[in-house]
Undergrad: 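The structure follows.
Throughout, a chain's letter reflects where its sequence line sits, starting with A, and its residues are numbered from 1. Note that the coordinates shown come from a computational prediction; the quantities given were computed from them, not determined experimentally.
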Number of protein chains: 2
Amino acid sequence: MTDTTKAGGDAGRAAARPGTAKSAPTIYDIAVLAGVNPSTVSRALSKPGRVSAKTAQKITDAAQELNYQVNVFARALPTGRTQTVGLIVSDITNPAYFEVIRGAETAASGRDYTLMLAESAESAELELTAARRMLATVDGLILASPRLSDEEIGLLASKKPVVVINRSVAGVASVVADTEVGVTDAVRHLAAMGHTAISYVAGPERSWMSQRRWESIKARCDWHGMQATVVASLPPTVDGGRRAAAGVRAGAATAVFCYNDLMAIGLMRELQSAGLTIPEELSILGFDNIFGSDFTTPPLSTIKSPLHELGVSAFRRVLDAVDQVDAGQEPPAPPTELVLRGSTGRAKGA
Amino acid sequence: MTDTTKAGGDAGRAAARPGTAKSAPTIYDIAVLAGVNPSTVSRALSKPGRVSAKTAQKITDAAQELNYQVNVFARALPTGRTQTVGLIVSDITNPAYFEVIRGAETAASGRDYTLMLAESAESAELELTAARRMLATVDGLILASPRLSDEEIGLLASKKPVVVINRSVAGVASVVADTEVGVTDAVRHLAAMGHTAISYVAGPERSWMSQRRWESIKARCDWHGMQATVVASLPPTVDGGRRAAAGVRAGAATAVFCYNDLMAIGLMRELQSAGLTIPEELSILGFDNIFGSDFTTPPLSTIKSPLHELGVSAFRRVLDAVDQVDAGQEPPAPPTELVLRGSTGRAKGA
DNA sequence: AATTGATTGGCAACCGGTTGACAAAGGGAA
DNA sequence: TTCCCTTTGTCAACCGGTTGCCAATCAATT
């Protein structure tokens, strides 16, 4: 390889389209222009301090002039690093993920990383497929509310840095919102409004967060001497909420927490179309404060999740793991917050 | 390279984490196991028909046994192909993209492609950055309602296959919903309800689709002898819709089309909180039929877009371009459809 | 001025596939 | 049986970076 003339496989990236004649500049081109060895170019560009300031300057100038861009594949081949992190959400149509995605994406762009997004459509199987596929090409993975088993997540985490959002898995980094704050305020509020029996419409069995929310609600209700029961476990969708209506009416509770806003909206609409008035006959609360939760009549009271922070924080922790920096202690869980709107009111008959 | 012992850079992908000892199997491992040359393995795995059925079988068996997975970077280096396509949406928090994303993702998974998603947060600059970044690593790009100029899009398209959704750019493949059907039905309906003056709250100036919708509305109104005017051009968000309220009230129209549902919802809520009753005093129509458009009171009447089809179709066309198959004639534009709900009614005083 | 130690740059061997050119092997026709 | 045409497998040169090792360079110390 003494001369730098290109021969052989001409299927290079830039030559792919008819319009573009020359292929993209390489470090070899820069080396020629700057009068140094390619390896020096490589070092100047990716190992700050390894070459003298003078040579580095010459090289960056040359790179600039040629409008050089690293070939990420060539870099990834020996190093395995791609400057990409994956994010898998359980359902892309759930507005709760909006801000998680945005948070992660913003954090990623800021550090010159690319975010790769996939969804599992609430299926553990699809989730695993997506995770496996991504694992080969990303530096780290974020799983938002995964439906996978702990073992599967542990297995993924043994191969690349993994951070889970709103779930706790032994040995795997996680970012979880602190439900306590919001729930405490919510239950206190309900108690003050005369409610004494509360029910909870749970999300999927596999949802760790659904469990977590229930535990939190149960604990606070006990504290206030209120009765609390789970009425159903259903898909975390508007339709899932609808299907909880019968169970809710059968119970004696005057206030209902739903696992998330989607379910709360579904439940409310179903009950209303059956003739119930909200909140006079029943108070309803959701979780997350998603887009659209204030469109309903009455607007939904909910416990807001710090979705954006969760995304940002998850990305940061992936990066820490990738860069092998010890993050020190776990960062504090960002708090939830009670948002009172129109779907909660005084208990019927209180 | 007569022996296959690994030396040198040990930073390979699988060795990145402490837990995993051996690095991933390569075609060289398969070659040894199957007793053939590595290049034969390569051909057997990616050039069907190039090797005899018997050898192919031996090789696939060996690959199976080793649980082999191609190294996408190694493949991408000489070929430039990554089995990945990019999708850039103008705003990830706009529910209208839900189904576009899902459609593209489903189509991609089905063809064993990976979808890479990014958003531009309604900024042409961010969009260009994202597009440039993606361009290096994807086989093709889908731009949904891009805010970029025609020239910039053309430039991108000169490097890799590009398909735009809901926009038309000379020389660039595009997938556009047929607005005519829905608009025709909607205007006919309004005419039948006694409306004679209509206004349009436009989206961003750069939005080709906003123009398109307006032209369509204008044409149909002319046909019915109705008056039609544009009252404002605002961001395509709930807040943008809110800000249109004053302009709408100042006009004489008894029915308003908004560029999309987000704006329609914002407008409706703003007007309602100012004391107007919908649809008695004003009829409102949106476009797209997004998640949440039926949560409002009254539920929004809208012109539904074939969002899922747009995503699927865009992906297909990218793949056609990548594979150089001539798609023949342009596929027909998927139609829109009028969805009548509660926000439209008889014209005031009619 | 000679010796020593720290910087800096170059060489070459990788990473793991792909592919053009070519030779060997196999099959059919003459 | 011989010759020719396919089919099939091998060789080797890539794709474009990264990095361990070593030699050359340069400054500082004695």
Side-chain angles (χ1 to χ4, degrees), chain A residues 1-16 23-32 34-56 58-59 63 66 68-83 136, chain B residues 1-16 23-31 34-59 63 66 68-83 136:
Chain A
M1 196 178 289
T2 71
D3 66 341
T4 324
T5 51
K6 304 279 177 56
D10 60 344
R13 45 189 173 152
S23 68
T26 71
I27 56 168
Y28 296 90
D29 301 327
I30 298 180
V32 171
V36 296
N37 189 282
S39 60
T40 305
V41 176
S42 172
R43 291 204 178 91
L45 261 29
S46 55
K47 294 251 159 44
R50 180 60 175 73
V51 304
S52 69
K54 213 180 62 188
T55 337
K58 266 198 309 196
I59 290 170
L66 294 174
Y68 170 79
Q69 300 232 104
V70 278
N71 179 324
V72 291
F73 308 121
R75 206 218 282 285
L77 193 44
T79 62
R81 297 277 302 263
T82 58
Q83 298 270 110
Chain B
M1 195 178 288
T2 70
D3 65 341
T4 325
T5 52
K6 305 277 178 57
D10 59 345
R13 46 190 172 149
S23 68
T26 72
I27 55 168
Y28 295 90
D29 301 326
I30 298 180
V36 297
N37 190 283
S39 58
T40 306
V41 176
S42 173
R43 291 209 173 88
L45 262 27
S46 57
K47 293 249 159 42
R50 179 62 174 72
V51 303
S52 69
K54 213 181 61 187
T55 344
Q57 187 60 48
K58 265 197 309 195
I59 290 170
L66 294 174
Y68 170 80
Q69 300 232 106
V70 280
N71 179 324
V72 292
F73 307 120
R75 205 214 289 278
L77 193 44
T79 62
R81 295 278 300 265
T82 58
Q83 298 270 110

Undergrad: If you measure from CD1 on A:I27 to CG on A:L45, what distance do you get to the nearest 0.5 Å?
TA: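 So the CD1 of A:I27 and the CG of A:L45 are separated by 8.5 Å.
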Undergrad: Could you tell me whether A:V36 contacts a base, only the sugar-phosphate backbone, or nothing, with contacts defined as non-hydrogen atoms closer than 4.0 Å?
TA: sugar-phosphate
Undergrad: Going by side-chain hydrogen bond (donor to acceptor under 3.5 Å, both in side chains), name the pairs with one or both residues in residues 45-56 of chain A, residues two or more places apart or in two chains.
TA: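 Pairs touching residues 45-56 of chain A that pass the test: A:S52-A:T55.
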Undergrad: Give every pair of a protein N or O atom and an N or O atom of nucleotides 20-27 of chain C that lie under 3.5 Å apart, one pair per line with the distance.
TA:
from   : atom 1 : to    : atom 2 : distance (Å)
C:dG20 : N7     : B:R43 : NH2    : 3.4
C:dG20 : O6     : B:R43 : NH2    : 2.5

Undergrad: In degrees rounded to 10°, what angle is found between the helical axes fit to the five outermost pairs at each end of the helix from C:dA1-D:dT30 to C:dA30-D:dT1?
TA: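 The helix from C:dA1-D:dT30 to C:dA30-D:dT1 shows an end-to-end axis angle of 40°.
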Undergrad: Could you state the CZ-C1' distance from A:F73 to C:dC15, rounded to the nearest angstrom?
TA: 15 Å
Undergrad: Can you measure A:N37 atom CG to C:dA13 atom P for me and round it to whole angstrom units?
TA: 14 Å
Undergrad: Would you mind reading off the distance between A:Q83 atom CD and D:dT18 atom P, rounded to a whole angstrom?
TA: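 After rounding, the reported distance stands at 11 Å.
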Undergrad: Using a cut-off of strictly less than 4.0 Å, decide whether A:T79 has a side-chain nitrogen or oxygen near OP1 or OP2 of D:dT18.
TA: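 The answer is no; no side-chain N or O of A:T79 sits under 4.0 Å from OP1 or OP2.
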Undergrad: Is the closest side-chain heavy-atom distance between B:T26 and B:N71 below 4.5 Å?
TA: no
Undergrad: Answer with base, sugar-phosphate or nothing: what part of the nucleic acid does B:S42 contact at a heavy-atom distance below 4.0 Å?
TA: base
Undergrad: Quick one: does A:Y28 reach the base of D:dG17 with a side-chain donor-acceptor pair under 3.5 Å?
TA: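 It does, because a donor-acceptor pair links the side chain of A:Y28 to the base of D:dG17 below 3.5 Å.
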Undergrad: Looking at every heavy atom in both B:A31 and B:P38, which two are closest together, and how far apart are they?
TA: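 That closest heavy-atom pairing would be CB-N, 3.7 Å.
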Undergrad: I want to confirm an ordering. Mapping B:V51 and B:A74 to their closest nucleotides on DNA chain D, which one lands closer to the 5' end?
TA: B:V51
Undergrad: Starting at CG of A:L77 and ending at P of C:dT18, how long is that distance when rounded to a whole Å?
TA: 12 Å
Undergrad: Rounded to whole angstrom units, what separation is found between the CZ atom of A:R75 and the P atom of D:dG17?
TA: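 It works out to 9 Å between those atoms.
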Undergrad: State whether A:K47 places a side-chain N or O below 4.0 Å from either non-bridging phosphate oxygen (OP1 or OP2) of D:dT18.
TA: no
Undergrad: So do B:V41 and B:V36 actually touch side chain to side chain, heavy atoms under 4.5 Å?
TA: yes
Undergrad: Less than 4.5 Å apart, any side-chain heavy atom of A:D29 and any of A:Y68?
TA: no
Undergrad: Between B:L45 (CG) and C:dG16 (P), how many Å, whole number?
TA: 16 Å
Undergrad: Take the protein atom CD1 of A:I27 and the nucleotide atom C1' of C:dG9, then report the distance between them rounded to whole Å.
TA: 14 Å
Undergrad: Check the distance between C:dT8's P and A:K54's NZ and give it to me in whole angstrom.
TA: 11 Å
Undergrad: Is there a side-chain contact (heavy atoms from CB on, under 4.5 Å) between B:I30 and B:I59 once you walk through the steps?
TA: CA-CA 7 Å; B:I30 298 180; B:I59 290 170; 4.1 Å; yes
Undergrad: Taking OP1 and OP2 of D:dT8, is either one under 4.0 Å from a side-chain nitrogen or oxygen of B:T55?
TA: no
Undergrad: Taking all non-hydrogen atoms of both residues, which atom of B:A56 and which atom of B:A44 are closest, and how far apart?
TA: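 Looking at all heavy atoms of both residues, the closest pair is CA-CB, 4.4 Å.
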